[in-house]
Amino acid sequence: MTVCASKGIQNKTYSCKMSRAADRLKVVVNHLDRPSSFVQASTSGQNVTYYQPQALRYSFDNDLLSTEQRISYEEDGFLLIKGLVSGEDIDRFRVAFERICRREVQVPGLVVMRDVSIAKSEFVPNQKAISKLQDFQEEPELFRYCSLPQILNYVECFTGPNIMAMHTMLINKPPDTGNKTSRHPMHQDLHYFPFRPADRIVCSWTAMEKIHRQNGCLVVLPGSHHGTLKEHDYPEWEGGVNKMYHGVRDHDPNHPRVHLEMEKGDTVFFHPLLIHGSGMNQTQGFRKAISCHYASADCYYIDVRGTTQENIGQEVKEIAARKYAVNDVTFEDTWAVRGRLVQGDRTNL
């Protein structure tokens, strides 16, 4: 068992692999979830100095990105790569998703989510009842996405060579029921992450089919990653809001927007401070995408108490306590048990 020797350091940096509570949480997840992993849920500091000889702040020069691509990410906070993931791989991810929907496999730690507008309806064991799979790191086929060499080659441009896969999702955006609950409020992903520095975190988000404005493509505010982490909370939407779908309180409604229409296999990489969301799915079909948030293994954990992230930290701790009966777990612990090394050395996280 790993013991954290840094708990008393200012800002409570989390330099060890995980705390005692995180160790216990990991054991509980792997034991309790194996018999019945199908959890129903309504969906809904300190600085580290990196030596970068180049002038560009948000990426490294490793001969993969062109100068134009690096400047584009520097200015906009996202980079779209066409056809990066093969159709064969995506079809395999789809098969794995459908097996989970049919309860043919049990995955420790997996969170299965449903849209709030259908959460109280009769459960049907197929993809029509599920809007998102979250934390699929223990499902080998889906987690294979996080280790695809072509994905990691790009991720390394933003994180450096030591790469942790921290957060995994397969989104199955359902046709909107008329309550507009299939949309996702504008937000910054860093709101959910108790680790830093932000510039060494990146999301890869891959379209599993053609994605356009009608079925709810991603909407981004270019350049918003240059700002700071904003206050988030549940938006006051008349039709209801899915669980954990926090939104930015005060983003500029007049900021230029880009709708990222994508073909199957297209992948967008974006910064965790980039403000983004997605619209309603106004079609009769489901809109699927698979994603992973990566961080440099050199990143460190922070204590979010007393910050704008305190609300999400408390919410996550309460969910973990209810699900696994581990009362002394911290927000950082819940992330430590999910992180998986996918390249290089696990130097810190």
Side-chain angles (χ1 to χ4, degrees), residues 43-44 58 72-82 84 113 115-117 131-132 134 167 169-193 198 201-242 244-283 285-293:
T43 59
S44 48
Y58 298 105
S72 176
Y73 188 85
E74 192 82 8
E75 294 178 347
D76 296 333
F78 67 94
L79 181 66
L80 178 62
I81 306 298
K82 306 292 287 184
L84 186 62
M113 308 178 86
D115 188 276
V116 66
S117 67
S131 61
K132 183 189 292 185
Q134 190 161 281
H167 185 228
M169 292 189 299
L170 194 153
I171 304 106
N172 187 45
K173 185 188 280 284
D176 198 84
T177 60
N179 293 321
K180 301 181 181 180
T181 53
S182 65
R183 58 185 167 166
H184 197 298
M186 302 300 282
H187 65 283
Q188 297 166 297
D189 289 338
L190 191 65
H191 172 67
Y192 296 92
F193 303 153
I201 303 169
V202 69
C203 178
S204 70
W205 196 99
T206 299
M208 294 180 65
E209 56 205 310
K210 185 177 179 63
I211 294 178
H212 44 79
R213 294 185 68 165
Q214 287 69 41
N215 64 6
C217 66
L218 286 178
V219 181
V220 301
L221 305 188
S224 55
H225 67 304
H226 294 302
T228 59
L229 179 59
K230 297 182 177 293
E231 182 180 356
H232 289 61
D233 209 338
Y234 285 108
E236 296 176 358
W237 286 351
E238 185 176 345
V241 184
N242 288 312
M244 307 289 285
Y245 277 31
H246 291 194
V248 170
R249 283 286 198 180
D250 62 348
H251 75 277
D252 181 2
N254 297 316
H255 193 292
R257 299 186 175 203
V258 173
H259 292 80
L260 295 178
E261 297 193 326
M262 302 165 66
E263 299 291 334
K264 180 178 179 179
D266 291 353
T267 301
V268 62
F269 297 90
F270 57 90
H271 191 280
L273 283 173
L274 183 74
I275 297 176
H276 65 287
S278 63
M280 291 183 294
N281 181 357
Q282 302 179 70
T283 71
F286 287 75
R287 187 274 271 163
K288 292 183 178 62
I290 188 169
S291 74
C292 179
H293 282 90

Peer 1: Under a 4.5 Å cut-off applied to non-hydrogen side-chain atoms, are Ile201 and Leu190 in contact?
Peer 2: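 Ile201 reaches Leu190 side chain to side chain.
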Peer 1: Val258 versus Leu260: any side-chain heavy-atom pair under 4.5 Å?
Peer 2: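 They are in contact (side-chain heavy atoms under 4.5 Å apart), so the answer is yes.
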Peer 1: To the nearest 0.5 Å, what is the distance between NZ (Lys230) and CD1 (Ile275)?
Peer 2: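 Going from NZ on Lys230 over to CD1 on Ile275, the span is 5.5 Å.
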Peer 1: If I take atom OG from residue Ser291 and atom NZ from residue Lys132, how far apart are they, to the nearest 0.5 angstrom?
Peer 2: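 The distance works out to 8.0 Å.
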Peer 1: Under 3.5 Å, side chain of Gln188 to main-chain N/O of Thr228, donor-acceptor pair present?
Peer 2: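 Pair found, side chain donor or acceptor close to backbone of Thr228.
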Peer 1: Run the ring-centre check on Tyr58 versus His225 and record whether the distance is less than 6.0 Å.
Peer 2: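 Ring centroids of Tyr58 and His225 are less than 6.0 Å from each other.
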Peer 1: Mind checking the SG-NE2 spacing from Cys203 to His271? Nearest 0.5 Å is all I need.
Peer 2: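 Spacing of SG (Cys203) from NE2 (His271) equals 12.5 Å.
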Peer 1: So do the side chains of Leu221 and Arg257 get within less than 4.5 Å of each other, counting heavy atoms only?
Peer 2: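 They are in side-chain contact.
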Peer 1: Calculate, to the nearest 0.5 Å, the distance between atoms CG and OG belonging to Asp76 and Ser224 respectively.
Peer 2: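 Asp76 atom CG to Ser224 atom OG measures 9.5 Å (nearest 0.5 Å).
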Peer 1: If you define the side chain from C-beta out and look only at heavy atoms, does anything of His212 sit under 4.5 Å from Arg287?
Peer 2: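 No, every pair of side-chain atoms sits at 4.5 Å or beyond.
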Peer 1: Between atom OH of Tyr192 and atom NE2 of His167, what is the distance when rounded to the nearest 0.5 Å?
Peer 2: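 Tyr192 atom OH to His167 atom NE2 measures 9.0 Å (nearest 0.5 Å).
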Peer 1: List the atom of Leu274, the atom of Pro222, and the distance in Å for their closest heavy-atom pair.
Peer 2: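 Leu274 and Pro222 have their closest heavy atoms at CD1-CA, 4.4 Å.
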Peer 1: Quick one: closest heavy-atom pair of Thr267 and Thr206, and the distance?
Peer 2: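 Minimum heavy-atom contact is OG1-OG1, 2.8 Å.
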Peer 1: Identify the two heavy atoms, one from Phe270 and one from Tyr73, that lie closest to each other, and give their separation to 0.1 Å.
Peer 2: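 Closest pair (atom of Phe270, atom of Tyr73, distance): C-OH, 3.5 Å.
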Peer 1: Identify the two heavy atoms, one from Ser278 and one from Gly216, that lie closest to each other, and give their separation to 0.1 Å.
Peer 2: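 Heavy atoms of Ser278 and Gly216 come nearest at CB-O, 3.7 Å.
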Peer 1: Work out which heavy atom in Pro175 is nearest to a heavy atom in Gly285; give both atom names and the distance.
Peer 2: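 So the minimum-distance heavy-atom pair works out to CG-O, 3.5 Å.
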Peer 1: Flag the pair Asn215 / Lys173 as yes when at least one side-chain heavy-atom distance between them is below 4.5 Å, and no otherwise.
Peer 2: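 No, every pair of side-chain atoms sits at 4.5 Å or beyond.
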Peer 1: Under 4.5 Å between any side-chain heavy atoms of His191 and Leu229, yes or no?
Peer 2: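 Touching, per the 4.5 Å side-chain cut-off.
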Peer 1: Measure the spacing between CD1 of Ile290 and CE of Met208 and express it to the nearest 0.5 Å.
Peer 2: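 Rounded to the nearest 0.5 Å, the CD1-CE separation comes to 6.0 Å.
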Peer 1: What is the minimum heavy-atom distance between Trp205 and Leu218, and which atoms define it?
Peer 2: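 That would be CD2-CD1, 3.5 Å.
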Peer 1: Closer than 3.5 angstrom, by distance alone: can the side chain of His226 be matched with the main-chain N or O of Glu74 as a donor-acceptor pair?
Peer 2: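 Flag set: sc His226 to bb Glu74 pair under 3.5 Å.
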Peer 1: Does the distance from a Lys or Arg side-chain N to an Asp or Glu carboxylate O, for Lys210 and Glu263, drop under 4.0 Å?
Peer 2: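 Glu263 and Lys210: salt-bridged.
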Peer 1: Between Asp266 and Val268, does the side-chain contact (heavy atoms from CB on, under 4.5 Å) criterion hold? Intermediate values first, please.
Peer 2: CA-CA 7 Å; Asp266 291 353; Val268 62; over 6 Å; no
Peer 1: Take the angle between the ring planes of His276 and His187 and call it parallel below 30°, perpendicular above 60°, tilted in between.
Peer 2: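 If you compare the ring of His276 with that of His187, the planes turn out tilted.
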Peer 1: Quick one: are Glu261 and Arg213 in side-chain contact, heavy atoms under 4.5 Å?
Peer 2: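 Contact flag for Glu261/Arg213 side chains = yes.
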